[in-house]
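What follows is a short report on a single structure.
In what follows, every chain begins at residue 1, and chains take the letters A, B, ... in the order their sequences are listed. All figures in this text were calculated on a predicted structure; none of them were measured in a lab.
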Number of protein chains: 2
Amino acid sequence: MEYNEAKNKFISTWGSLGTLWGINKAMAQIQALLFISTKPLSTEEIMEELQISRGNTSMNVRQLMDWGIVTKELVPGERKEYFTTEKDVQELARVIAKERSRREIQPVIKTLKEVCSIKDDGTEKTKELIKQTKALHDLADTADTMLNKLVNQNQNWLTKSLLKLFS
Amino acid sequence: MEYNEAKNKFISTWGSLGTLWGINKAMAQIQALLFISTKPLSTEEIMEELQISRGNTSMNVRQLMDWGIVTKELVPGERKEYFTTEKDVQELARVIAKERSRREIQPVIKTLKEVCSIKDDGTEKTKELIKQTKALHDLADTADTMLNKLVNQNQNWLTKSLLKLFS
DNA sequence: ATAAACTTTCAAAAATTATTGAAAGTTTAA
DNA sequence: TTAAACTTTCAATAATTTTTGAAAGTTTAT
């Protein structure tokens, strides 16, 4: 496997993984492309490499900037905008976890809280609803908190062998 | 908020959360419905409650059985099949984490491994590709392993206050 | 064997989501 | 101010995913 094949494989795999962290294919592919690029890329270059339209590129780059993982880079003497992505995987993971939590997990936790707080009218079905949604709420809340704490450690939890705790 | 409103809110929230664990809306809603039901439900009952077609119900129930979180329940003297879901949230989390890892994360880790193992031809772009995909591989691999170990603890990690480790 | 009761399949339709491209908008240089 | 260089917007279109429903398949009772 030489460079181009490997590059394409990486971009397409990362693109299809987009769903896993809740973004679309083009957005994930743009991020992937920037992630392995040795220099900032212009809109033109992104369009060319990924064979996508200007509008698509513009919207998805903007979204990546909203997520906080892509930034504009101004090249002196150039009118065009150039883009780079966060290159540190730890920081990337931290930002993604934080955003997903804020956008998707927190609202669900909030709803679960509301549902499991309804008045117990004594019927079996109400008791079951309360019991089960309470269990889910607690699980989701704990998992979310843990994920955030884990990912927010600024020490490198990879090399600190935190794994040992669970072995 | 009384029972029916709460029930609908739960089912629809859980349904839209489906994407987060990689399944479609109907599948998530069926699971949600069974999760708060006090008794096993037939295909008819599921169709009726969620207002979905027979074919849709059949296919999604089958998928939930493939995932291992819904099981057939045979009621003596009845010809119909009845369904129940795993009621324990810990076990549910364990199964979901395991399936997601197997279906989606492992294949990506495998690809990352391949890509970061290409021959270093000495060019800057190849070095960058190798370096960045290696970092992602290590992160993904560690995160996946941790998640599985966490979720496989059969002790109750909620009540064991594992949280304290990260506070 | 037959028929009733039920489940599964799958091609077609509907719904949803992503993408395009051209027009409108913005910024900069002269 | 004008015009060139660039970016953004968004209605239309395309692609993808989900859902339907009726036909085919299966099982069970008689």
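Within a 6.0 Å radius of NZ in A/Lys134, no more than 12 heavy atoms belonging to other residues, nucleotides or ligands are found. Residue-environment remark: NZ (A/Lys87) exceeds the threshold of 12 foreign heavy atoms within 6.0 Å. A 6.0 Å sphere centred on CD of B/Glu2 holds more than 12 heavy atoms belonging to other residues, nucleotides or ligands. More than 12 heavy atoms of other residues, nucleotides or ligands lie within 6.0 Å of CD in B/Gln106, so this atom counts as buried by the packing criterion. In the displayed structure, B/Glu78 atom CD is contacted under 6.0 Å by more than 12 heavy atoms of other residues, nucleotides or ligands.
Here A/Arg62 lies in heavy-atom contact (under 4.0 Å) with sugar-phosphate atoms only.
Counting to the nearest Å, the P atom of D/dA29 and the CD atom of B/Glu78 are 12 Å from each other. Atom CD in B/Gln63 sits about 11 Å away from atom C1' in D/dT18, given to the nearest Å. One atom, NZ of A/Lys80, and another, P of D/dA4, lie 17 Å apart when rounded to the nearest Å.
A heavy atom lying under 4.0 Å from DNA chain C marks none of the residues of residues 20-35 of chain B.
Contacts between chain B and DNA chain C, taken as any atom within less than 4.0 angstrom of a protein heavy atom, begin and end at C/dA4 to C/dC10.
For the pair B/Val95/B/Glu91, a side-chain contact is recorded, criterion being any heavy-atom separation below 4.5 Å from C-beta on.
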Going by atom type alone, with no hydrogens or angles, which donor-acceptor pairs under 3.5 Å involve a side-chain atom of residues 111-118 of chain A and a protein atom two or more places apart or on another chain?
from, atom 1, to, atom 2, distance (Å)
A/Thr111, OG1, A/Pro107, O, 3.2
A/Glu114, OE1, B/Lys9, NZ, 2.3
A/Ser117, OG, A/Lys113, O, 2.6

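Of the residues near DNA chain D, B/Thr57 and A/Thr43, the one whose nearest nucleotide (by heavy atom distance) lies more toward the 5' end is A/Thr43.
From B/Gln29, atom CD reaches atom CG of B/Leu50 across 5.5 Å, with rounding to the nearest 0.5 Å.
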